[in-house]
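Remarks on the structure that follows.
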Amino acid sequence: MNFAVKKQILDKIKEYDKIFLFRHIRNDGDCVGATKGLKRILQLTFPEKQIYLIDNDKAEYLEFLGPEDEPVEDAEYTDALGIVIDTASEERISNKKYTLCRELIKIDHHIPLENYGDIMWVEEERSSACEIIADFYATFRDELKIDSEAATYVYTGMVTDSGRFKYEGVTGDTMRNAAIMLDCGVDTEKLYAHLYLEAFGYLKFKAEIYQRMQITENGVAYIFIDKDMQKEFNLTLEQASACVGTLDSIRGAIAWMAFIENGDAENSIRVRLRSRFVHINPIAEKYRGGGHACASGATVYGWDEAEQLLRDADAHVKEYKETHEGWL
Ligand code: AMP
């Protein structure tokens with residue numbers, strides 16, 4: 001699928017001596033795995049090229065994947081090719097220096113919010129951006145080189161963005177691509193330990209989430225996590241945000257969301273929206289957000305607007321339940 005665009009991208013990579021990789025703000029396993037994975041594949045294949053991955057945004061839980069490159073002078077970007085992975089809109093690109101690159105490629109699996117870049121390879125049905133990178137490797141495996149390090153990066157994103165191969169977007173292709181990565185020697189026991197073991201104190205926080213979670217009339221489960229709660233459990237914003245998954249297995253709650261107070265002057269609240277069966281992205285898009293059909297993010301200002309989003313989500317779920325069968 002999409003062979004022409006993949007070939008175009010490989011040709012562009014060959015054309016440039018210098019390549020910068022970019023990803024989205026608030027990085028996650030997928031954008032980190034995809035950028036580090038592609039960087040490693042390109043370094044192994046084209047040792048004479050300079051490949052940079054520069055990003056100040058850090059996610060603590062991914063530190064085991066190792067550090068990024070040190071910043072370079074702006075002038076370095078101007079004769080380079082930029083590749084932005086896993087980022088639907090320019091606004092969400094973490095390292096803003098991408099604008100300096102001579103040409104830009106977008107590789108993504110989000111519902112497109114806007115077009116940017118000279119070449120775009122977007123497959124929104126893919127379960128992760130890493131799956132696209134694995135597909136890129138698989139397509140040109142006679143030319144590209146990979147090792148267990150690169151495969152581990154790519155596999156990390158495939159696992160995390162698909163909820164360990166659980167979400168709707170997982171297909172036979174996902175598994176075939178994952179298999180190719182596993183064949184390169186991924187230490188899954190170590191990887192899963194890094195990804196899924198939780199601190200004792202964090203489990204106590206989860207227990208509190210179960211105590212405080214609420215549900216709307218038509219089945220939207222939710223939790224408000226204000227600054228006080230974050231302080232009480234000594235959590236970073238990222239750690240607090242990770243709790244949305246705790247609400248994912250309530251029978252009848254086909255949408256669930258976490259509201260995390262950012263603690264800034266604008267009283268902004270990060271919203272993480274998740275769903276099964278019903279698509280939740282229309283609600284995210286109404287509140288300055290977007291993402292995937294069943295996993296989106298948004299921002300609201302103040303608890304009143306949070307309540308308003310909840311009312312909209314509840315009406316959306318009500319309508320879905322009234323017009324569909326087979327949901328659980
Ligand atoms: P999150 O809950 O932040 O993990 O977001 C779920 C998905 O929605 C991710 O793929 C994000 O890239 C995307 N997303 C989150 N926030 C936004 C936003 N404000 N605008 C567009 N997409 C978003």
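Every number for a ligand or one of its atoms is a count from 1 in the order of the listing.
The proximity of R274 to ligand 1, defined as any non-hydrogen pair under 4.0 Å, is limited to the side chain. Residue contacts with ligand 1, taken as heavy atom pairs separated by less than 4.0 Å, do not involve R26 at all.
Checked by atom type, the side-chain pair E76/Y52 shows no donor-acceptor distance below 3.5 Å.
Protein heavy atom at the shortest distance from atom 17 (C) of ligand 1 is R92 NH1, 3.4 Å. Atom 4 (O) of ligand 1 has its closest protein heavy atom at R272 NH2, 2.7 Å. The protein heavy atom nearest to atom 15 (C) of ligand 1 is G297 CA, 3.4 Å. Closest protein heavy atom to atom 14 (N) of ligand 1: G290 O, 3.5 Å. Given atom 7 (C) of ligand 1, the protein heavy atom at minimum distance is A295 O, 3.3 Å. Nearest protein heavy-atom contact of atom 9 (C) of ligand 1 is H110 NE2, 3.9 Å.
The cationic atom of R288 (NZ for Lys, CZ for Arg) does not lie both less than 6.0 Å from the six-membered ring centre of Y301 and within 45° of the ring axis. Seen from the ring of F46, K49 counts as a face-on cation partner, given the 6.0 Å and 45° thresholds. For the pair R102 and Y77, the NZ or CZ position fails the cation-pi test of under 6.0 Å to the six-membered ring centre and within 45 degrees of the ring normal. Cation-pi geometry between K321 and W327 is met: under 6.0 angstrom from the ring centre, within 45 degrees of the axis.
Listed by number with element, the atoms of ligand 1 under 4.0 angstrom from any heavy atom of R288 are 19 (N). Heavy-atom contacts of L113 reach the following atoms of ligand 1: 21 (C) (cutoff under 4.0 Å). Below 4.0 Å from some heavy atom of R270 lie the following atoms of ligand 1, by number and element: 1 (P), 3 (O). Remark: ligand 1 atoms within the under-4.0 Å shell around heavy atoms of H292 are 10 (O).
With a 4.5 Å cut-off on side-chain heavy atoms, I85 and L38 count as touching.
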(message) Under the criterion ring-ring contact (aromatic ring centres under 6.0 Å, His included), I'd like the reasoning laid out for H316 against H279: C-alpha separation, chi angles, the key distance, then a yes or no.
(response) CA-CA 9 Å; H316 185 65; H279 289 174; 8.9 Å; no

(request) Check the pair E131, T171 against side-chain contact (heavy atoms from CB on, under 4.5 Å), reporting the backbone distance first and the verdict last. (result) CA-CA 11 Å; E131 186 184 327; T171 62; 4.2 Å; yes

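Assignment of A88 to the shell around ligand 1 is not supported, since no heavy atom sits closer than 4.0 Å. The closest approach between any non-hydrogen atom of E91 and ligand 1 is not below 4.0 Å.
Using cut-offs of 30° and 60° for the angle between ring planes, the F64 and H194 rings count as parallel.
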